[in-house]
Amino acid sequence: MQHTTTNSKLPIAANVVIGSTVFSDIGASYVDFFGGRSTSYEKKKEEMYNRIIETPK
């Protein structure tokens, strides 16, 4: 995989705000208490990451 760069000295930043539902919060609380991975929060984080990648385009 080859990447090209430019000599731009401008900072690059992206902000994304995304919310979760009360049901996601309750489910994550149970998962946090009993142990495990919260798939609802993982999906939200993945959605945020994808939005940030698409923002500069």
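Computed over heavy atoms, backbone and side chain alike; hydrogens, waters and symmetry mates excluded.
The side chain to side chain contact (heavy atoms under 4.5 Å, CB included) check on Y30 picks up I26, F34, with sequence neighbours excluded. Remark: Y41 pairs with D25 by the side chain to side chain donor-acceptor pair (under 3.5 Å) rule, at least two apart or across chains. By the side chain to side chain contact (heavy atoms under 4.5 Å, CB included) test, D32 is found to be paired with no residue, residues two or more places apart in sequence or in another chain being considered.
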- Task: Any chance you could lay out the salt bridge (Lys or Arg N to Asp or Glu O under 4.0 Å) test for E47 and K43, step after step, and finish with the verdict?
- Result: CA-CA 6 Å; E47 182 181 346; K43 288 178 186 175; over 6 Å; no
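Atom CD of E46 sits about 11.5 Å away from atom OG1 of T39, to the nearest 0.5 Å.
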